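Some notes on the structure that comes next.
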2 protein chains.
Amino acid sequence: MQLPNTLRKFQLKSTPCRTEVLQLFFDNDHALSNAFIEKNISSSFDRVTVYRTLKSFEEKGLIHKVLDDNGITKYALCQDCSTHHHHHEHVHFKCETCGQTTCIESVDIPEVKLPKGYKVKERNLLIQGVCEQCI
Amino acid sequence: MQLPNTLRKFQLKSTPCRTEVLQLFFDNDHALSNAFIEKNISSSFDRVTVYRTLKSFEEKGLIHKVLDDNGITKYALCQDCSTHHHHHEHVHFKCETCGQTTCIESVDIPEVKLPKGYKVKERNLLIQGVCEQCI
DNA sequence: CTGTGTGCAAACACTTTGCAGGTGT
DNA sequence: ACACCTGCAAAGTGTTTGCACACAG
C-alpha cells in the first residue's frame with residue numbers, strides 16, 4: 001500500500017505499470033534503465049509505456065536521470081527530493097564488470113572552483129571501476 | 001604539416017578524412033560530436049567514415065570520450081595524453097544554452113573518498129550551466 | 001604488394017510521436 | 001465525465017556491420 005501512496009504524493013495516478021515500475025526502484029539499489037525494467041518487471045508492459053512512465057516520474061521529481069558513459073539513459077530514485085528540494089548531488093559509481101550504476105548517497109560532490117564567467121547549475125560526478133561484488 | 005606528423009605519432013595513417021577531422025579538433029576548443037564534424041568539415045566524408053575515424057583516434061589515444069547528459073557521444077583532444085600517460089581527469093563543462101562541452105584543463109577533479117570495496121579506474125566530473133559567452 | 005581506410009547499403013539500438021481505445025479519480 | 005494512461009504502429013536519431021574497392025606506406 002506504500003506504492004500508491006508514494007505515487008499520489010508526487011501527483012501521479014496510480015496504475016499497474018507505475019506501481020510495478022516503482023516497486024522495481026524500491027527493490028533495486030542501483031540506477032535502472034528502460035531495458036532493465038522491461039526484463040525484470042513481473043507483468044509485461046509496452047516498451048513505450050515504460051518510457052513514458054519514467055518520463056512522468058522524472059517530471060514529477062520522483063526519480064532523476066543518472067549519467068552513464070555509454071548512451072543509455074538510467075534513472076534512480078530521488079532519495080531526498082521531497083525534503084531537500086532536489087538534492088541529488090551525490091557521487092555515482094558505475095561498475096565496468098556488472099554494468100550497474102549505484103548512487104553513493106554518503107559521498108557528496110566536493111566543491112569545485114571554476115574560472116570566472118561560468119554559471120553552475122548542475123554537477124555530476126561519475127566514477128567508474130569495479131564494485132565490491134565484482135572484485 | 002603538423003597534422004600528418006601528429007597522426008603518425010599516434011600510429012595512424014595519414015588520410016584526407018583523418019587530417020581534416022584532426023584539423024577540426026585543433027580549431028575548436030570544445031568537445032566534438034559526430035554530427036558537428038559532419039556539418040563543419042570542409043570536404044564531405046561518409047557519416048560512417050567519421051565514426052570510424054573517431055573510433056581509431058580514440059583507440060590510439062589521440063582523443064578521449066567526453067560524458068554528455070543526453071545520449072550523444074562527444075570527443076576531445078587528449079592534451080597531454082602523450083606525455084602524462086592518459087591524464088584527462090579534468091572537469092568538463094557543458095553549457096545548456098549553446099550545448100557546447102568544454103574541457104576545463106585548469107581544474108582537476110578533487111579527491112573523493114569512496115566507501116571500502118570500490119576499485120576506482122576512471123572519474124568524470126561534468127558540470128552543467130551557462131558559459132561565459134551565453135550569459 | 002598488403003593491410004587498412006573509405007563509401008554505400010543495410011541493419012541495429014534506443015527513444016519519440018500519433019492516434020484510438022481503456023482506465024483512474 | 002474527463003483527463004490522462006496504455007498499446008500498437010511507425011518514424012526518428014545515433015551508431016554499427018558487411019562487403020567491394022581504393023589508397024598509403
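Throughout, a chain's letter reflects where its sequence line sits, starting with A, and its residues are numbered from 1. Just so you know, these numbers come straight off a predicted model, no measurement behind them.
Rounding to whole angstrom units, CD of residue A/Gln11 and C1' of D/dA3 are separated by 15 Å. The separation between B/Asp46 atom CG and D/dT17 atom P is 15 Å, rounded to whole Å. Taking atom CD of B/Glu59 as the reference point, atom P of C/dG5 lies 10 Å away to the nearest angstrom. Atom-to-atom, CD of B/Glu38 to P of D/dT13 comes out at 13 Å; the value is rounded to the nearest Å. Atom-to-atom, CG of A/Asn70 to P of D/dG14 comes out at 16 Å; the value is rounded to the nearest Å. A straight line from CG of A/Asp68 to C1' of D/dG14 spans 16 Å, rounded to a whole angstrom. In this entry the distance linking CZ of A/Arg18 with C1' of D/dC5 reads 6 Å, nearest Å. With rounding to whole Å, B/Glu20 atom CD is found 17 Å from C/dG5 atom P.
Candidate nucleotides D/dC4, D/dG7, D/dA24 were compared by shortest atom distance to the side chain of A/Lys13, and D/dC4 ranks first. For A/Val48, the listed nucleotide lying nearest its side chain is C/dT17; candidates were D/dT15, C/dT17, C/dT6. Nearest nucleotide to the side chain of B/Thr49, out of C/dT6, D/dT6, C/dC14: C/dT6.
B/Lys65 and A/Asp69 are not joined by a salt bridge, as no carboxylate oxygen comes within less than 4.0 angstrom of a charged side-chain nitrogen.
For B/Tyr51 and D/dT16, the shortest distance from a side-chain N or O to OP1 or OP2 is not below 4.0 Å. Distances shorter than 4.0 Å separate none of the side-chain N or O atoms of A/Thr15 from OP1 or OP2 on D/dC4. Regarding contacts with the backbone of C/dC14, every side-chain N or O of A/Arg47 stays at 4.0 angstrom or more from both OP1 and OP2.
Ring centroids of A/Phe93 and B/Tyr118 are separated by less than 6.0 Å, placing the two rings close together.
With hydrogens and angles disregarded, no donor-acceptor distance shorter than 3.5 Å links the side chain of B/Arg47 to the backbone of B/Glu38.
Both A/Leu12 and B/Arg8 lie close to DNA chain D; mapped to their nearest nucleotides by heavy-atom distance, the more 5′-ward contact belongs to A/Leu12. Both B/Gly71 and B/Ser14 lie near DNA chain D, and the one whose nearest nucleotide falls closer to the 5' end is B/Gly71.
Between B/Pro115 and A/Val107 there is a side-chain heavy-atom pair separated by less than 4.5 Å.
Between the SG atom in B/Cys95 and the CD atom in B/Gln128 there is a gap of 10.5 Å [rounded to 0.5 Å].
Taking only distance into account, the side chain of B/Arg52 meets the base of C/dG7 through a donor-acceptor pair shorter than 3.5 Å.
Across all strands shown, B/Ser56 has no heavy atoms under 4.0 Å from either base or sugar-phosphate atoms. Residue B/Ser33 is out of contact with every strand shown, counting any heavy-atom pair closer than 4.0 Å.
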